[in-house]
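Written out below as structure tokens is the structure these notes cover.
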Amino acid sequence: MPLLGCIADDFTGATDLASTLVRQGMRAVQVIGVPTGPLPEADAVIIALKSRTIPVGEAVAQSLAACEALLAAGAKQILFKYCSTFDSTEAGNIGPVAEALLKRLDGGFAIACPAFPTNGRTIYQGHLFVGPNLLNESGMENHPLTPMRDANLVRVLGRQSEGSVGLIPFTVVEQGAAAIRHEVTRLRDANRRFAIADAITDAHLMALGEACANHALITGGSGIAMGLPENFRRAGLLPARADAGALPEVGGLCAVVAGSCSRATLGQIGLARDQVPTLELDALATPDAATLIGQARDWMAGKLDAARPIVIAASGTPERVAALQAKLGREAAGALVEEALAGIAADLVAAGVRRLVVAGGETSGAVVQRLGVEALRIGAEIDPGVPWTHATPATAPEGMHLALKSGNFGARDFFLKAFS
Ligand SMILES: Nc1ncnc2c1ncn2[C@@H]1O[C@H](COP(=O)(O)OP(=O)(O)O)[C@@H](O)[C@H]1O
Ligand SMILES: O=C(O)[C@@H](O)C(=O)COP(=O)(O)O
């Protein structure tokens, strides 16, 4: 029976969260999509949806169905995981999904905290920073699907919610769990539905986690989960586990597929270009998924290796992305590239790739769905927020390792480090 039931709005975000929970001593399994059968055995089950950019009504319906499955399996607390850069549109989907979950859980109030200090995401006075920059000057203002042009999260969440949004400021969070609990009571009494919680350090996240031990719903990035396993240990529900991230061994050919256009991924592709065989697809010149798949198939022949990866990327600079979007429309451009990369990933697995890194949240969603993966057991971290996972797709029933990398995560040498 899972202690913690989680709903993540994309697949890389789900592995990021699962990885945090494994590091804090929980066995974690990521389930792809709303489950139709019994949930796997684990301390935490993370249901990974691809609901960040779908129509609001569908995101709400899928999230509620995931919540029902987790509650039916016995989950004692629900966590709604979204991006540490609060990726969303004016219409949602963070606000509407959080409000629907809150209503279902009779929660009344929930905190909202995407902070992830290890990866440079901090919140001060409700404003989200990425490293030294405000969110809207961090590159996220150019995201292909969810351009973030306002760093004031109280305002951003307020625009997406029917209920009102408050703030748990740094001065309160700094004082620890008791002060946070007190502030939450005050915010509830003031009829706030959500409050953005400031957090600059892991100690702040631990205090927030402790303060929310009895909240029916918690919302945030993976960082907000840091303090939760300790709550369950304190309650005597979670035994000490030394091997929470143990995975079955897997050998085989190595590859990377990249569809993220985020700064970190563009840097990782830049480094890989000099060190391993790297194919950069040009979706603007060839806006046809089948042709792009064919180009990759011809190129990869004879290049696959078990000791070092090949890299196949569709990622473009903001100017190239804008040009393709102007030609096809934003959603169609994204869908075309996702379809191409999913087909290429299927070809790679058919060719014997058993250790595959996928860069990009939406891209990972498309790849995992194409491979027919139903669940991922979470292993050790390569870089903060990106673990290796073990999956058994229909075309590789003996099992393979997959790393689903959030676009902006990972050091510059991530694509090489992952296989070393
Ligand atoms: N050259 C390109 N032009 C337009 N869109 C692209 C291009 N390359 C990738 N994309 C799309 O951009 C989106 C990137 O989102 P995602 O995979 O979630 O990355 P991230 O993790 O950086 O957010 C995907 O929908 C992908 O298909
Ligand atoms: O919280 C985060 O930053 C990640 O877990 C995440 O959700 C990133 O999404 P993508 O950049 O779309 O992979």
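Only this structure's heavy atoms are used, side chains among them; waters, hydrogens and symmetry mates stay out. Both counts, for ligands and for their atoms, begin at 1 and track the order of listing.
Looking at Glu90, Glu141, His127, Arg159 one by one, the single match for side-chain contact (heavy atoms from CB on, under 4.5 Å) with Asp150 turns out to be Arg159.
What sits closest to atom 1 (N) of ligand 1 on the protein, heavy atoms only, is Ala314 O, 3.1 Å. Closest to atom 18 (O) of ligand 1, if we only count protein heavy atoms, is Glu362 N, 2.7 Å. The nearest heavy-atom contact from the protein to atom 4 (C) of ligand 1 is Leu324 CD2, 3.6 Å. The nearest protein atom to atom 12 (O) of ligand 1, hydrogens excluded, is given as Pro144 CG, 3.6 Å; this is a heavy-atom distance. In terms of protein heavy-atom proximity, atom 27 (O) of ligand 1 is nearest to Gly334 O, 2.9 Å. The nearest heavy-atom contact from the protein to atom 17 (O) of ligand 1 is Thr363 OG1, 2.6 Å. Protein heavy atom nearest atom 13 (O) of ligand 2, with residue, atom name and distance: Thr12 OG1, 2.7 Å. When only non-hydrogen protein atoms are considered, atom 8 (C) of ligand 2 lies nearest to Ser406 OG, 3.2 Å. Shortest contact from atom 24 (C) of ligand 1 to any protein heavy atom: Glu338 OE2, 3.6 Å. The protein heavy-atom contact nearest to atom 3 (O) of ligand 2 is Ser84 OG, 2.5 Å. The protein heavy-atom contact nearest to atom 9 (O) of ligand 2 is Arg52 NH1, 2.9 Å. In this structure, atom 26 (C) of ligand 1 lies nearest to the protein heavy atom Gly259 O, 3.6 Å.
Listed by atom number, the atoms of ligand 1 under 4.0 Å from Ser260 heavy atoms are 19 (O), 20 (P), 22 (O). In summary, the atoms of ligand 1 found under 4.0 Å from a heavy atom of Leu145, numbered by their order in the structure, are 25 (O). Of all atoms in ligand 2, listed by their number and element, those nearer than 4.0 Å to a heavy atom of Gly13 are 5 (O), 6 (C), 7 (O). Ligand-side atoms of ligand 2 in range of Lys81: 1 (O), 2 (C), 4 (C), 5 (O), 6 (C), 7 (O), range being under 4.0 angstrom from any heavy atom. Set against the non-hydrogen atoms of Gly407, the atoms of ligand 2 under 4.0 Å away are 10 (P), 11 (O), 13 (O).
Residue contact annotation: Phe409 has a non-hydrogen atom under 4.0 Å from ligand 2.
Residues Phe409 and Phe116 place their aromatic rings such that the two centres sit under 6.0 Å apart.
For the residues Arg330, Met140, His143, the heavy atom positioned nearest atom 23 (O) of ligand 1 is part of His143.
Between atom CZ of residue Arg27 and atom CG of residue Asp43 there is a gap of 5.0 Å, rounded to the nearest 0.5 Å. To the nearest 0.5 angstrom, Thr219 atom OG1 is 11.0 Å from Glu99 atom CD. Taking CD1 of Ile47 as the reference point, atom CD of Glu68 lies at 10.5 Å (rounded to 0.5 Å).
Looking at Gly221 next to ligand 2, no N or O pair under 3.5 Å apart turns up. Of the polar atoms of Thr85, none of the N or O atoms is found under 3.5 Å from an N or O of ligand 2, judged by distance alone. Considering backbone and side-chain N/O atoms, Gly407 comes within less than 3.5 Å of an N/O atom of ligand 1. Taking any N or O of Gly361, backbone or side chain, at least one lies under 3.5 Å from an N or O belonging to ligand 1. For a threshold of 3.5 Å applied to N or O pairs, the pair formed by Asp16 and ligand 2 contains at least one separation below that value. Polar contact check, Glu362 against ligand 2: no nitrogen or oxygen pair lies under 3.5 Å apart. Looking at Ser262 next to ligand 1, an N or O pair under 3.5 Å apart turns up. The shortest N or O to N or O distance between Asp87 and ligand 2 is not under 3.5 Å.
Under a 4.0 Å N-O distance rule, the pair Glu338/Lys50 qualifies as a salt bridge. A salt bridge links Glu280 with Arg273: at least one charged nitrogen is closer than 4.0 Å to a carboxylate oxygen. A salt bridge is absent between Glu362 and Arg52: the closest approach of a Lys/Arg side-chain nitrogen to an acidic carboxylate oxygen does not fall below 4.0 angstrom. Under the 4.0 Å criterion applied to side-chain N and carboxylate O atoms, Asp383 and Lys417 are assigned as salt-bridge partners.
Distance alone, capped at 3.5 Å, places no donor-acceptor pair between the Gln275 side chain and the Leu271 backbone. Asn152 contributes a side-chain N or O that, together with a main-chain N or O of Arg155, makes up a donor-acceptor pair within less than 3.5 Å. Checked by atom type and distance alone, the side chain of Asn93 pairs as donor or acceptor with a backbone atom of Ile54 at under 3.5 Å.
Within 6.0 Å of CD on Glu331 lie no more than 12 heavy atoms contributed by other residues, nucleotides or ligands. Annotation for Lys303: atom NZ counts as buried by contact number, over 12 foreign heavy atoms lying within 6.0 Å.
Counting heavy atoms closer than 4.0 Å to ligand 2, residue Asp10 contributes side-chain atoms (C-beta onward) but none from N, CA, C or O.
A tilted orientation is assigned to the rings of His401 and Trp388, their planes being inclined by 30° to 60°.
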TODO: Output, in order, the C-alpha distance, side-chain angles, deciding distance and verdict of side-chain contact (heavy atoms from CB on, under 4.5 Å) for Asp16 and Val386.
DONE: CA-CA 6 Å; Asp16 171 18; Val386 198; over 6 Å; no
